[in-house]
Amino acid sequence: AKMKSLTDGAELSVALFVHALNSSGQPCVQLWVASTGTSVVLLCAADGTAVRVMEPHTTKKEKAKLDEAGFIVKDDGSAEVAFAEVGQHKPSSIYQLPAARLIGGRPFKTSKKSPVNAKADVKKVREWRCVAGEELFLLAVSSEVASVLSDEDAMGTALDAWGSNNADGLDGWEAAAKAVVRTAQAQGPAKDTLGCMAVQFWWQEKPLQRLLARRNDRKRSGAAGVGAKPKDDLDDMFG
């Protein structure tokens, strides 16, 4: 009962890797993604491009329904609602709605007309035979990162960091995730609740290293990098 009274809400994205047999009876790895909220899940294609596999549940997509339910919806799609606890005569607090689908978030679900719910989209987005030419790794970014970096900018930044000899001695996946967050922070997002996670596919280690080597060769030959660069004076938010 106490948990049901909480006004806090949460967004969630889950990636599940399953060792299975495909329709032909051959071993494969399946990727299932479940999402409720506005996080963005990307795959790095064999050529280094970003492939979005799940669309975020933004409030802008539900603007008409939110208007009908009594939410205050702005032109940019952001929404908020006035809320009163039981026994109060009038709303005493204003809550901002971060996503059209949300775990918890009681102020956004008290109206029967509210389109806000916690139902996650769940789908199998890939089935790999673990051969050359398939995606190399997964990158999940928060909506705050996606608000200032395009999918390609985020992926390019991750690849640049993954392929560099970082002074901190970090694994490639960790260096990539931190570089994306730092680069997004340098762009001045409206909120600083930035998050990024990179998941390495061990079975694609050699193709990934070949891609990184090609990118490094292009840089040495004078080709411009793909990812946006963070400011030199940016405070290291990771310590």
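Note that the structure is a prediction, hence the values are computed from the model and not measured. Positions are given from 1 along the sequence.
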Check step by step if side-chain contact (heavy atoms from CB on, under 4.5 Å) holds for L194 and R182.
CA-CA 9 Å; L194 305 167; R182 289 168 177 157; over 6 Å; no
So OG1 of T38 and CG of L102: to nearest 0.5 Å the spacing works out to 9.0 Å
Does R220 pair with D217 as a salt bridge, N-O distance under 4.0 Å?
yes
Residues passing the side chain to side chain donor-acceptor pair (under 3.5 Å) test with Q200, sequence neighbours excluded, are E205
Just wondering, do L16 and V33 contact through their side chains at under 4.5 Å, heavy atoms?
no
Can you run down the ring-ring contact (aromatic ring centres under 6.0 Å, His included) pairs that involve residues 53-75, sequence neighbours left out, and say none if there aren't any?
none
When you check the side-chain N and O atoms of S24 and Q26, is any donor under 3.5 Å from an acceptor?
no
T49: which residues meet the side chain to side chain donor-acceptor pair (under 3.5 Å) condition with it, sequence neighbours left out?
D47
Which atom names give the shortest non-hydrogen contact between R126 and V51, and what distance separates them?
NH2-CG1, 3.4 Å
At what distance, to the nearest 0.5 angstrom, does CD of Q30 lie from NZ of K124?
4.5 Å
Flag side-chain contact, heavy atom, 4.5 Å: V40 against R52:
yes
Do T193 and S142 make a side-chain contact, defined as non-hydrogen atoms from C-beta onward lying under 4.5 Å apart?
no
Heavy-atom nearest pair, E62 first then A100, reads CG-CB, 3.7 Å
Among L138, V41, L31, exactly one meets side chain to side chain contact (heavy atoms under 4.5 Å, CB included) together with V125. Which residue is that?
L31
With the side chain counted from C-beta on, respond yes when R101 and D121 share a heavy-atom pair under 4.5 Å apart, and no when they do not.
yes
Nearest heavy-atom neighbours spanning L66 and P115
CD2-CG, 3.7 Å
First locate atom NZ of K191, then atom OG of S143, and finally report the distance between them rounded to the nearest 0.5 Å.
7.0 Å
What's the shortest heavy-atom distance between A50 and M155, and which atoms?
CB-CB, 3.8 Å
Are the side chain of D171 and the backbone N or O of E174 linked by a donor-acceptor pair below 3.5 Å?
no
Please determine whether side-chain contact (heavy atoms from CB on, under 4.5 Å) holds for the pair D153 and T183, giving the CA-CA distance in whole Å, both sets of side-chain angles, and the decisive distance to 0.1 Å.
CA-CA 10 Å; D153 282 342; T183 302; over 6 Å; no
W128: ring-ring contact (aromatic ring centres under 6.0 Å, His included) partners, not counting sequence neighbours:
F201, W203
Side-chain touch L159/L211, heavy atoms, less than 4.5 angstrom
yes
Would W162 and W173 count as a side-chain contact (heavy atoms from CB on, under 4.5 Å) here? Give the steps.
CA-CA 6 Å; W162 207 311; W173 57 268; 3.8 Å; yes
N/O donor-acceptor pair under 3.5 Å between K109 side chain and G104 backbone
yes
Set of side chain to side chain donor-acceptor pair (under 3.5 Å) partners for T59, sequence neighbours left out
none
V53 side chain reached by L42 side chain, heavy atoms, under 4.5 Å:
no
Remaining members of I103's ILVMFWY cluster at a side-chain heavy-atom cut-off under 4.5 Å?
L12, V14
From K63 atom NZ to T58 atom OG1, the distance as rounded to the nearest 0.5 Å
12.5 Å
Do the two ring centres, one from W32 and one from F17, sit under 6.0 Å apart?
no
How far apart are the closest heavy atoms of T36 and N117, and which atoms are they?
OG1-O, 4.4 Å
So does M197 have more than 12 non-hydrogen atoms from other groups sitting under 6.0 Å from CE?
no
Might you point out which heavy atoms bring P189 and E144 nearest each other, and give the distance in Å?
CB-O, 4.0 Å
Measuring only between side-chain heavy atoms, which start at C-beta, is C44 closer than 4.5 Å to E135?
no
Sub-4.5 Å side-chain heavy-atom contact between P98 and E11
yes
